[in-house]
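All values reported here derive from a predicted model rather than from experimental measurement.
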Amino acid sequence: MSERVLPRAERRRRTEGRILDAARALFAEVGYERATIRAVARAAEVDPALVMQYFGSKQELFRHAVRAAPALDAAVGAEELVEYLLDTLNVKMGELPQGSLAMMRSMLTHPEAGASAREALGRQIDGLAASIPGDDARLRAALMTAIMLGVTVGHQLLGLPELRDVPPEEIARVLRPSLRALTGPEVS
């Protein structure tokens with residue numbers, strides 16, 4: 001079906017998707033500071049004014065481009081929680097989505113990227129905390145999130161040989177006791 005024959009809402013959705021895809025790729029490649037609305041528009045094959053019409057600002061475009069779904073939809077048991085986190089190692093050590101790379105490259109150098117990262121990580125912490133017993137569940141969930149983030153940054157951005165040269169299963173084996181300790185009620 002030709003683009004012109006599509007309903008207006010569908011054309012708008014497709015254009016927005018092209019802009020977000022272009023933004024993710026550009027933010028991942030050059031980071032927030034060096035990415036421009038004009039470059040995103042050029043990559044999406046749209047006018048820069050259209051990018052601004054859809055998103056209003058570079059900050060809002062970035063926020064939409066790096067938005068990720070919450071890690072967990074419902075509370076699970078502590079053992080399932082640990083295995084869920086360890087199962088994500090295959091993703092974290094594989095080819096990450098452009099939005100994730102963009103967030104990691106920019107979160108320490110730009111306030112808006114940092115705020116977006118805190119928001120996304122906060123949602124993940126909320127999901128994890130729902131499955132951890134004790135008054136300090138959010139602290140323990142934050143520690144678990146920081147551990148997984150550290151592994152991801154060490155592997156993806158820093159290229160630490162100790163993480164890049166080891167299969168995810170080996171990293172999971174070593175991390176499992178620590179993550180289990182953080183989910184147990186005896187920590188509280």
Side-chain angles (χ1 to χ4, degrees), residues 1-74 84-85 87-128 130 141-142 145-160 163-164 168:
M1 183 180 281
S2 161
E3 187 80 18
R4 289 194 182 274
V5 181
L6 293 173
R8 181 179 176 176
E10 179 62 18
R11 287 193 317 263
R12 180 178 169 80
R13 189 188 66 72
R14 287 184 181 191
T15 300
E16 185 175 327
R18 278 197 336 268
I19 293 169
L20 286 172
D21 287 345
R24 284 183 192 105
L26 192 61
F27 286 132
E29 182 182 337
V30 301
Y32 182 90
E33 293 295 328
R34 293 180 40 214
T36 66
I37 293 293
R38 287 186 188 280
V40 170
R42 190 170 34 257
E45 299 178 343
V46 299
D47 189 273
L50 191 59
V51 176
M52 295 304 287
Q53 179 184 337
Y54 279 35
F55 297 99
S57 68
K58 180 177 167 181
Q59 291 84 6
E60 192 63 19
L61 174 63
F62 182 81
R63 192 175 70 73
H64 279 80
V66 300
R67 182 178 292 154
L72 292 174
D73 292 330
Y84 168 81
L85 285 173
D87 285 346
T88 67
L89 284 172
N90 286 326
V91 173
K92 293 176 186 318
M93 298 180 85
E95 187 160 330
L96 286 178
Q98 295 293 326
S100 297
L101 285 172
M103 176 74 75
M104 286 192 307
R105 286 197 197 291
S106 302
M107 69 185 177
L108 299 177
T109 61
H110 190 272
E112 177 63 26
S116 293
R118 280 188 297 280
E119 182 182 315
L121 293 170
R123 286 192 306 269
Q124 183 175 12
I125 290 167
D126 289 342
L128 296 175
T145 300
I147 289 168
M148 299 306 287
L149 179 62
V151 169
T152 306
V153 168
H155 181 272
Q156 293 287 348
L157 298 182
L158 300 175
L160 296 175
L163 295 174
R164 289 198 70 88

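- Comment: Arg18 does not engage Asp21 in a salt bridge, judged by the lack of any side-chain N to carboxylate O separation of less than 4.0 angstrom.
- Put simply, the side chain of Glu16 does not reach to within 4.5 Å of the side chain of Val46, judged on heavy atoms.
- In this structure, Arg42 and Leu26 have side chains that are not in contact, with every pair of non-hydrogen atoms separated by 4.5 Å or more.
- With sequence neighbours excluded, the residues satisfying side-chain contact (heavy atoms from CB on, under 4.5 Å) with Ala23 are Phe27, Val40, Leu61, Ala65.
- The shortest non-hydrogen separation linking Ala44 to Ile19 is CB-CA, 3.8 Å.
- For the pair Lys58 (side chain) and Ala35 (backbone), a donor-acceptor distance under 3.5 Å is present.
- The line from CG of Leu85 to CD1 of Ile147 is 9.5 Å long, rounded to the nearest 0.5 Å.
- Atom CD of Gln124 and atom CD of Glu119 lie 13.5 Å apart (nearest 0.5 Å).
- Across all non-hydrogen atoms, the minimal contact from Gln156 to Met104 is CB-CE, 3.9 Å.
- Between atom CG of residue Leu157 and atom CG of residue Leu108 there is a gap of 9.0 Å, rounded to the nearest 0.5 Å.
- You'll find the side chain of His155 stays beyond 4.5 Å of the side chain of Leu160, heavy atoms only.
- Annotation for Ile125 and Ala141: closest pair O-CB, 3.5 Å, computed over non-hydrogen atoms.
- The closest side-chain heavy-atom distance from Thr145 to Met148 is not below 4.5 Å.
- Residues Ala117 and Met107 come closest through the heavy atom pair CB-CB, 3.8 Å.
- The distance from the CD atom of Gln53 to the CG atom of Asp47 is 10.0 Å, given to the nearest 0.5 Å.
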Please evaluate residues Leu20 and Phe55 with respect to the criterion side chain to side chain contact (heavy atoms under 4.5 Å, CB included), reporting the C-alpha separation (whole Å), side-chain torsions for both, the decisive distance (0.1 Å), and the verdict.
CA-CA 10 Å; Leu20 286 172; Phe55 297 99; 3.7 Å; yes
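- At least one cation-pi condition fails for Arg24 and Phe62: the charged atom is not both under 6.0 angstrom from the six-membered ring centre and inside a 45 degree cone around its axis.
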